[in-house]
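Scroll down for the structure; my scribbles are underneath it.
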Amino acid sequence: MKILKYLAIALFAVTMVSCGDDEPKNTFTREFTMIYPQLPAGHKFISKIERIYDSGDRSVATATYDGDHLKSVNVVTTGRNDYSNEETIYFDYTNGAIICDKSIQDVTYSFEVNSKGAITRLKNESTGRSTASLQYDDGNRLEIAQITTPSSSDVTKVAWEGGNLMQWESRGVNKQDSVVYEYGAGAPLNMGCIDVIGNESFTFTTFVCAIMRNAGLFGATSAYLPTVIKKDFDYTQADENTQPGQLQLKRYNISYELDDEGYVKSYTTNETPKYTVKITYR
């Protein structure tokens, strides 16, 4: 925590309770009118996501709220050899800004939203060197996301079917990545509006994006949760004649633990290294 850096703190529209009083001073101001996401009946806000690997590596994301509005996300990652990293993301709806308190350098992003409260644009106001543009379909489901920097432009296209997330594919300079989802018998209804496993993260880290999706800031979530995730190109099946577009994705099964009401408590896959993700609701 950068206590000395923030001794002269000003009152900020978004207050981080769990991390004390050393939140960053917000210097970005503008006229902005926030449209808050309208969430479906049965929705539950996530208060914590915890991922634990068999190796002992661990990530914990903790969210705080002002009523039904996401206020902050704190992520702590620990691992072998005493590795540790922490970041906190604050949401300023008065000025339409997201402030990232990082160990190396604080970053402020301005954002715009559509008529349903989903973020359509992110701009790095600290450097002015990167932007993200997001497009949604009529159901407020993310279809295209483009991240632009002075040296590159990465585009992610997202496919949906019957309200379920089926695939996303990301392409950029010397970059190609894709994840495909399958919904087999017993696929659970996504009652709590949690993020789909392995979903693409934009601008922010994976669990920050997962909590933002749960809060409706990246549009609608998948209606059901997949039972299979296909990811990671399988180079073991390739030879010298294999073209990049011919590479197959590895297939992993997903299992869920539900509570008595049908909300997801945890999920695991048979990926290597193995891990379990636990979800706690407000």
Side-chain angles (χ1 to χ4, degrees), residues 1 12-19 23-24 26 28 34 36-37 39 44-52 57-66 68-79 84-93 96-113 117-126 130-134 142 145 147 154 156 158 165 168 170 179 192-222 267 275 277-282:
M1 289 297 169
F12 180 39
V14 182
T15 303
M16 175 63 180
V17 175
S18 63
C19 284
E23 64 197 41
N26 179 30
F28 176 80
M34 179 62 188
Y36 292 101
L39 300 168
K44 280 191 177 184
F45 289 101
I46 291 175
S47 60
K48 184 168 71 173
I49 303 176
E50 183 178 11
R51 178 172 60 196
I52 305 171
D57 294 354
R58 177 180 177 185
S59 294
V60 179
T62 306
T64 65
Y65 296 85
D66 181 7
D68 289 338
H69 306 145
L70 181 61
K71 184 165 61 174
S72 64
V73 182
N74 173 255
V75 182
V76 178
T77 301
T78 56
S84 179
N85 185 62
E86 181 175 4
E87 64 173 331
T88 306
I89 311 298
Y90 303 89
F91 296 85
D92 173 9
Y93 300 109
I98 300 174
I99 296 85
C100 307
D101 181 9
K102 299 185 177 182
S103 58
I104 300 176
Q105 181 182 15
D106 296 340
V107 182
T108 296
Y109 293 91
S110 62
F111 66 86
E112 308 293 339
V113 295
I119 292 174
T120 58
R121 187 173 186 270
L122 288 159
K123 180 182 178 182
N124 187 326
E125 296 291 346
S126 300
S130 65
T131 60
S133 299
L134 301 97
L142 180 65
I147 312 298
D154 295 344
T156 297
V158 188
L165 177 61
W168 60 260
S170 182
V179 171
C193 299
I194 69 171
D195 196 16
V196 167
I197 299 167
N199 205 352
E200 176 82 321
S201 58
F202 306 108
T203 303
F204 310 107
T205 54
T206 299
F207 283 163
V208 172
C209 287
I211 292 176
M212 290 176 67
R213 286 192 176 100
N214 171 257
L217 293 171
F218 283 142
T221 52
S222 185
Y267 62 79
Y275 64 88
V277 173
K278 299 179 180 180
I279 299 174
T280 304
Y281 304 94
R282 234 180 11 154

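The shown structure was predicted, so the numbers you read here are calculated from the model rather than taken from an experiment.
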> So, the side chain of Asp101 versus the backbone of Tyr90: is there a donor-acceptor pair under 3.5 Å, distance only?
Replying inline: no

> Where is the tightest heavy-atom contact between Ser222 and Leu165, given as atom of each residue plus distance?
Replying inline: OG-N, 3.1 Å

> Are side-chain heavy atoms of Leu122 and Ile98 found at a separation under 4.5 Å?
Replying inline: yes

> Which distance, rounded to the nearest 0.5 Å, do you find between the OH of Tyr109 and the NZ of Lys123?
Replying inline: 13.0 Å

> Taking atom types as modelled, is there a side-chain donor on Ser84 or Thr78 under 3.5 Å from an acceptor on the other?
Replying inline: no

> Are side-chain N/O atoms of Glu87 and Thr205 paired as donor and acceptor at under 3.5 Å?
Replying inline: yes

>> If I compare all heavy atoms of Cys209 with all of Phe204, which pair ends up nearest, and what's the gap?
In response: SG-O, 3.6 Å

> When you look at Asp92 and Lys71, which way does the salt bridge (Lys or Arg N to Asp or Glu O under 4.0 Å) test go after all the steps?
Replying inline: CA-CA 8 Å; Asp92 173 9; Lys71 184 165 61 174; over 6 Å; no

> For the residue pair Tyr281 and Phe45, is the inter-centroid distance of their aromatic rings smaller than 6.0 Å?
Replying inline: no

> Do you know the tightest heavy-atom contact between Pro37 and Leu217?
Replying inline: CG-CD2, 4.0 Å

> Between Ala132 and Ile147, which heavy-atom pair has the shortest distance, and what is it?
Replying inline: CB-CD1, 3.4 Å

>> Set out, in order, the CA-CA distance, both residues' side-chain angles and the distance that settles side chain to side chain contact (heavy atoms under 4.5 Å, CB included) for Phe202 and Thr156, then state yes or no.
In response: CA-CA 9 Å; Phe202 306 108; Thr156 297; 3.9 Å; yes

> Do you know which two heavy atoms are closest between Leu70 and Ala63, and how far apart they sit?
Replying inline: CD1-CB, 3.9 Å

>> Using side chain to side chain contact (heavy atoms under 4.5 Å, CB included), reason through Val60 and Lys48 one step at a time and then give a plain yes or no.
In response: CA-CA 7 Å; Val60 179; Lys48 184 168 71 173; 3.7 Å; yes

> Do Thr88 and Asn74 get their side chains close enough for a donor-acceptor pair, meaning under 3.5 Å?
Replying inline: yes

>> Return the CZ to CZ distance between Arg58 and Arg51, rounded to the nearest 0.5 Å.
In response: 12.5 Å

>> Counting only heavy atoms not in Lys44 (residues, nucleotides, ligands), do more than 12 fall under 6.0 Å from its NZ?
In response: yes

> Side-chain contact, heavy-atom cut-off 4.5 Å: Val208 with Val75?
Replying inline: yes

> To the nearest 0.5 Å, what is the distance between OG1 (Thr62) and CD1 (Ile49)?
Replying inline: 9.5 Å

>> Can you confirm whether the side chains of Thr108 and Glu125 place a donor and an acceptor under 3.5 Å from each other?
In response: no

>> For the OG1 atom of Thr221 and the CD1 atom of Ile194, what is their distance to the nearest 0.5 Å?
In response: 8.5 Å

> Going from OG on Ser201 to CZ on Arg213, what distance comes out if it is rounded to the nearest 0.5 angstrom?
Replying inline: 7.5 Å

>> Test side chain to side chain contact (heavy atoms under 4.5 Å, CB included) on Val113 and Thr120; report intermediate values, then the result.
In response: CA-CA 5 Å; Val113 295; Thr120 58; 5.6 Å; no

> Out of curiosity, Ile46 CD1 to Tyr65 OH, how far, rounded to the nearest 0.5 Å?
Replying inline: 6.5 Å

>> For Ser47 and Thr280, which I'm curious about, is there any donor-acceptor pair between the side chains at under 3.5 Å?
In response: no

>> Looking at every non-hydrogen atom in both residues, tell me the closest pair between Ala61 and Ile211 and how far apart they are.
In response: CB-CD1, 3.9 Å

> Going through the checks in order, is the side chain to side chain contact (heavy atoms under 4.5 Å, CB included) test met by Leu142 and Leu134?
Replying inline: CA-CA 7 Å; Leu142 180 65; Leu134 301 97; 3.8 Å; yes

> Just checking, Arg121 and Phe111: is the charged tip under 6.0 Å from the six-membered ring centre and within 45° of the axis?
Replying inline: no

